[in-house]
Amino acid sequence: MSALLSNPERKAELVLNTPALKKYLKERGWTLLDLSQRMGISYNMLHLVMKGKRNPGNVFIAGILATCEGGNFEQFFTVTEEKRQIREVQAV
């Protein structure tokens with residue numbers, strides 16, 4: 001069993017590999033607006049995911065994979081782990 005699953009203080013988070021996506025766009029001469037339109041999502045949503053302010057959801061992930069021909073999941077996404085704080089609830 002992975003350490004993430006066996007440790008309740010850790011959580012996995014899927015994040016966009018922004019440098020890889022920027023490289024892909026540059027190689028094709030695409031802008032972020034071009035990509036958002038091809039993916040069928042708003043520019044704002046793309047920008048938020050690129051900046052790490054939103055996590056990529058299913059529609060975003062599917063859009064990247066369908067739009068970025070020749071790319072794959074491992075190229076554009078990575079799993080990170082963060083330690084989360086667990087609060088104890090005490091009865092008063």
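Quick note: residue numbers are just sequence positions, from 1.
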Group every Ile, Leu, Val, Met, Phe, Trp and Tyr by side-chain heavy-atom contacts under 4.5 Å, then state whether I41 and V15 land in the same group.
no
Side chain N17, main chain T78, donor-acceptor under 3.5 Å
no
Expected list for residues 27-34: side-chain donor-acceptor pairs under 3.5 angstrom, two or more places apart:
residue : atom : partner : partner atom : Å
R28     : NE   : Y24     : OH           : 3.1
R28     : NH1  : Y24     : O            : 3.4
T31     : OG1  : L33     : N            : 3.3
T31     : OG1  : D34     : N            : 3.0
T31     : OG1  : D34     : OD2          : 3.2
D34     : OD2  : T31     : N            : 2.9

Counting C-beta onward and ignoring hydrogens, is there a side-chain heavy-atom pair between E13 and K11 closer than 4.5 Å?
yes
Where G70 and Q75 come nearest, the two heavy atoms and their spacing
O-OE1, 4.1 Å
Flag the pair F77 / L16 as yes when at least one side-chain heavy-atom distance between them is below 4.5 Å, and no otherwise.
yes
Distance (rounded to the nearest 0.5 Å) between T80 OG1 and L14 CG
8.0 Å
Tell me which donor-acceptor pairs under 3.5 Å the side chains of residues 43-69 have, and how far apart each pair is, sequence neighbours excluded?
residue : atom : partner : partner atom : Å
T67     : OG1  : G63     : O            : 2.7

